[in-house]
Novice: 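Would you mind keeping the following structure in view while I ask a few things?
All chains are named by letter (A, B, ...) in the order of the sequence lines, taking the proteins before the strands, and each is independently numbered beginning at 1. All values below come from the heavy atoms of this structure, side chains included, with hydrogens, waters and symmetry mates left out. Quick caveat, the model's predicted, so the values are computed rather than measured.
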Amino acid sequence: MNMEDITARRNEPWREELRKSMTAKDRTNIERVVMPELDAAYRITCNEEVNQGLTQEQALMEAKRCLDCPEPLCMTGCPVGINIPTFIKHIEKGEFLQAASTLKETSALPAVCGRVCPQEKQCESQCFYLKKLKKKPVAIGYLERFAADYSREHGTGEVPACAPANGIKIAVVGSGPCGLSFAGDMVKYGYDVTVFEALHEIGGVLKYGIPEFRLPNKFVDVEIETLRKMGVSFVTDCIVGKTVSYDDLHEMGFKGVFVASGAGLPRFMNIPGENLIGIMSCNEYLTRVNLMGAARADWDTPVLSGKNVAVIGGGNTAMDSVRTARRLGAERAMIVYRRSEDEMPARIEEVEHAKAEGVEFLTLHNPVEYLGDETGKVTTMRLQRMELGEPDESGRRSPVAVEGAIEDIPVDTVIVAVGVSPNPLIPNAIKELEISRRGTIVVNEETMQSCLPDLYAGGDIVRGGATVILAMGDGRRAAAAMHEQLSK
Amino acid sequence: MNKIVSKEYFSDKVVKLVIEAPLIAKARKAGHFVIVRVDEKGERVPLTIAGADIEKGTITLVVQTVGKSTVKLCELNEGDYIADVVGPLGQATHIEKVGTVVCCGGGVGVAPLLPIVQAMKAAGNRVISVLAARSKDLIILEDEIRASSDEVVIMTDDGSYGTKGLVTEGVEQIIKREQVDQCVAIGPAVMMKFVSKLTEQYNIPTVVSLNAIMVDGTGMCGACRVTVGGKLRFVCIDGPEFDAHQVDFDELMMRLRSYKEVE
């Protein structure tokens, strides 16, 4: 975050004029906008996006709330360093395209971030309204989405400016949010960037993981198309470490490699019966539905999604899974979570949306065993009731079993969403890499450089499971550091 | 997009496809597999690589029509394109000189067995191959296997070719006759289960190559999980080859039926 730049832009005459156009008191008296959303009864019948986005009037009004602070704390909460007051003030002035351009200066995926970022834990958590006025923060995320959507619908398709091509080839491993963010910055610096993707689609978790009703694929595709227009090349069906090796990349002339291969390995609980038919990881369930079109009539991939569906876990992926199950016809869709709702890592919005859609929350319950029929299909989930004990190292109160409190619940589908481990493909393929005990690639936290000078890494392969925006922040930091190294 | 260079019928249900995939041809080793998606709306299906030609940039797949996707794949002709072929995936076969190796293949399992037979022979082993099928017309790649084997035993269920009997009978005959240092078995899960049971009695180290339901093939989905030695393993990244005596075959066979009703 460059304070000089922030101040200079804030001091531009139009900004000063805009600030004076309304008193702070009038601004703070405006109520925070409420996101229009589809009716719950309707939305579980389809895959349409739940949040409908702000209208122009709503966006203009919400933008007025922003006080254009001289030291914008919100920006300290943004992993990719978006100049938040600048883009919001452009919205207030009705300059929606400029607002979008401001976003694109630092974010390769504004329409994505505006939808899936946990703003309440990041920018909005630092907002002056919340910190000092004890009021609801400015709806930065909604405004971000508004500007990004507006520019997609009304813009000229103009792409961010790039430095003249320097001819230096850079390889990116993985086309999820981290890899795309890195690719966007590197192509702006003038590099010749190629992104290698193992799957047949570009977008990583944005495509296979996050469902349509939260992030429609067509919006992800628009952002990818922008990167393409900026000069980024994409190669699908190519696994670095398998199809081409690290040495092959050198032979092909790549001078830098950025590994953003994600947290590809689903965790299971290793309890009896977990391999019964009908029990699967959230990755499998969501990939079948989102990437492979399992719920669509003329697509070949099937998915087991029954009438009584239990999803184990309390994160966003668990919410995505359980809400998907509801849409695929589950009459009883349950979240089973071993702690209480307060400890749930999922976004509050996701929890509320799930509840509105009729999802049951079995908090303070933990599966201990699954029972099946003679063909091996799961029929029953055996749950242990839990209570909260002392706080553990994560600061959350740890769940303790209530002795003898066991109950059986009929299920035909169980989706295990208890976290992921780093994908071992790259660590196995590049023996010289330093790997942590958890299986993540060890990097310098500031530069994201690994022990191999030309190999940088970021996102879940380094963090072991985090958010889209943190992964994107890693991509930006790695790009800046690699650029500096290659410019020497 | 990968072009089908040639197509040959081994039987009405078994087809050999040679596919353009230069990078995979170069990188693959015995034991590797690929994931194939026939068209835009197709499933991702794992298929073991039966051979490759680095010069021509092709790989060979032997496909048996068992479900919608394999039927679709086998309906394609020379010159047609497959939407996606990705690989090589999985761990390569551990090849070393151990002495005498019995390589047994059941049905289309002979196709992935071929590169292993070739590699085992090249490593200096005495290789005895046992090929088994229901009947003569389902015995595939016999000449290729013979070219890299010291001896070939053919077993058919109906006695239409070779000796009438099960693959295990053929293997046991050899074990009783001479010192066998290692066994490799590839075929239907039930066949591998019984070969494994047999060699366990004789304490012969045995490797099996498991087929499992997969989606991505890179460790991401966990659909292919199996229990090996009481531990959870993924066929796609930990396998496809495992110590046969540690594999829970009954669970594997149960899991292979996951989508039976949907198909």
Side-chain angles (χ1 to χ4, degrees), chain A residues 197-201 204-205 208-209 235-239 241-245 248 261-270 274-288 291-294 296-304 372 375-377 416 420-425 428, chain B residues 1-2 21 23-24 26-28 32 34-35 37-45 67-69 72 83-91 213-227 230-232 234 236-238 248 250-263:
Chain A
E197 167 58 48
L199 291 171
H200 56 265
E201 279 259 12
V205 72
Y208 73 74
V235 180
T236 53
D237 292 329
C238 186
I239 306 174
K242 289 284 184 188
T243 317
V244 293
S245 68
D248 289 339
S261 50
L265 210 62
R267 277 195 213 134
F268 288 90
M269 295 174 65
N270 295 307
E274 208 176 20
N275 289 348
L276 288 168
I277 297 171
I279 304 179
M280 69 198 101
S281 74
C282 50
N283 274 4
E284 178 180 353
Y285 186 68
L286 292 172
T287 300
R288 283 179 182 274
L291 182 72
M292 305 307 297
R296 291 183 240 176
D298 52 345
W299 291 55
D300 297 344
T301 301
V303 66
L304 296 172
T375 65
K377 281 192 220 138
V416 183
V420 283
S421 303
N423 193 309
L425 249 159
N428 286 345
Chain B
M1 299 287 274
N2 301 66
L23 292 176
I24 302 174
K26 195 168 150 233
R28 73 96 210 190
H32 280 146
V34 288
I35 292 263
R37 194 175 68 129
V38 179
D39 57 35
E40 286 299 305
K41 292 174 180 174
E43 279 182 279
R44 293 173 65 96
V45 183
K68 192 176 186 176
S69 296
K72 263 168 94 171
D84 303 274
V85 179
V86 62
L89 294 162
Q91 304 292 329
I213 294 172
M214 289 184 195
V215 183
D216 62 291
T218 62
M220 206 178 81
C221 80
C224 65
R225 62 194 192 276
V226 286
T227 305
K231 290 207 177 78
L232 179 73
F234 289 1
C236 66
I237 49 168
D238 300 318
D248 183 341
D250 293 334
E251 182 187 89
L252 173 74
M253 287 187 274
M254 176 196 87
R255 288 186 60 75
L256 283 169
R257 289 193 302 266
S258 292
Y259 285 91
K260 261 275 170 325
E261 287 164 28
V262 190
E263 286 268 324

Novice: Please classify the contact between Y208(A) and chain B as side chain, backbone, both or neither, with a heavy-atom cut-off of under 4.5 Å.
Specialist: side chain
Novice: Report which part of R288(A) has an atom under 4.5 Å of a heavy atom belonging to chain B: side chain, backbone, both, or neither.
Specialist: side chain
Novice: If we ignore hydrogens and angles and just use 3.5 Å, is the side chain of S281(A) paired with the main-chain N or O of C221(B) as donor and acceptor?
Specialist: yes
Novice: Just so I understand: if I count every heavy-atom pair under 4.5 Å between each of T218(B), I24(B), D39(B) and chain A, which residue has the most?
Specialist: T218(B)
Novice: Go through the atoms of T243(A) and report whether side chain, backbone, both or neither lie under 4.5 Å from a heavy atom of chain B.
Specialist: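 Both parts, backbone and side chain.
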Novice: Give, as side chain, backbone, both or neither, the part of N423(A) having an atom under 4.5 angstrom from any heavy atom of chain B.
Specialist: side chain
Novice: Can any side-chain N or O of K242(A) pair as donor or acceptor with the backbone N or O of G90(B) at less than 3.5 Å?
Specialist: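 Checked: pair present.
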Novice: Are the side chains of T301(A) and V215(B) in touch, meaning some heavy atoms are under 4.5 Å apart?
Specialist: no
Novice: Should the heavy atoms of other residues, nucleotides or ligands under 6.0 Å from NZ of K72(B) be counted, would the total exceed 12?
Specialist: yes
Novice: Any idea which heavy atoms bring L199(A) and M220(B) closest together, and the distance?
Specialist: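 Looking at all heavy atoms of both residues, the closest pair is CD1-CE, 4.3 Å.
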Novice: What are the two closest non-hydrogen atoms of G222(B) and F268(A), and how far apart are they?
Specialist: O-CZ, 4.3 Å
Novice: If we only count heavy atoms from C-beta on, is the D248(A) to L23(B) side-chain gap below 4.5 Å?
Specialist: no
Novice: Atom CG of N270(A) and atom NZ of K231(B): how far apart are they, to the nearest 0.5 Å?
Specialist: 10.5 Å
Novice: Between R44(B) and chain A, with a heavy-atom cut-off of 4.5 Å, which part of the residue counts as in contact: side chain, backbone, both or neither?
Specialist: both
Novice: Using every non-hydrogen atom in the two residues, find where M292(A) and R37(B) come nearest and quote the distance to one decimal.
Specialist: CE-CD, 4.2 Å
Novice: Sort L286(A) into side chain, backbone, both or neither according to what part of it lies under 4.5 angstrom from a heavy atom of chain B.
Specialist: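 Nothing of L286(A), per the 4.5 Å heavy-atom cut-off to chain B.
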Novice: With rounding to the nearest 0.5 Å, note down the distance linking NZ in K41(B) to CG in D298(A).
Specialist: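 The NZ atom of K41(B) sits 3.5 Å away from the CG atom of D298(A).
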Novice: Do you know which two heavy atoms are closest between Y259(B) and L304(A), and how far apart they sit?
Specialist: OH-N, 3.4 Å
Novice: Are side-chain N/O atoms of R255(B) and N275(A) paired as donor and acceptor at under 3.5 Å?
Specialist: no
Novice: Contact part of A21(B) toward chain A, heavy-atom cut-off under 4.5 Å: side chain, backbone, both or neither?
Specialist: neither
Novice: Hey, which of R296(A), E284(A), H200(A) has the most heavy atom pairs under 4.5 Å with chain B?
Specialist: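 Between R296(A), E284(A), H200(A), the count favours H200(A).
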Novice: Just give me the residue among I279(A), L291(A), V420(A) that pairs up with chain B most often, heavy atom to heavy atom, under 4.5 Å.
Specialist: I279(A)
Novice: Going from OG1 on T227(B) to CD on E274(A), what distance comes out if it is rounded to the nearest 0.5 angstrom?
Specialist: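 It is 10.0 Å, given to the nearest 0.5 Å.
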Novice: To the nearest 0.5 angstrom, please state how far the CD atom of E40(B) sits from the CG atom of D300(A).
Specialist: 11.5 Å
Novice: At their closest point, which heavy atom of D237(A) faces which heavy atom of V85(B), and how far apart are they?
Specialist: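 The pair with the smallest heavy-atom distance is CB-O, 4.0 Å.
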Novice: Which atoms of I213(B) are under 4.5 Å from chain A, going by heavy atoms: the side chain, the backbone, both sets, or neither?
Specialist: side chain
Novice: If you compare all heavy atoms of V86(B) against all heavy atoms of A198(A), which two are closest, and at what distance to 0.1 Å?
Specialist: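 Shortest heavy-atom separation between V86(B) and A198(A) comes out as CG2-O, 3.7 Å.
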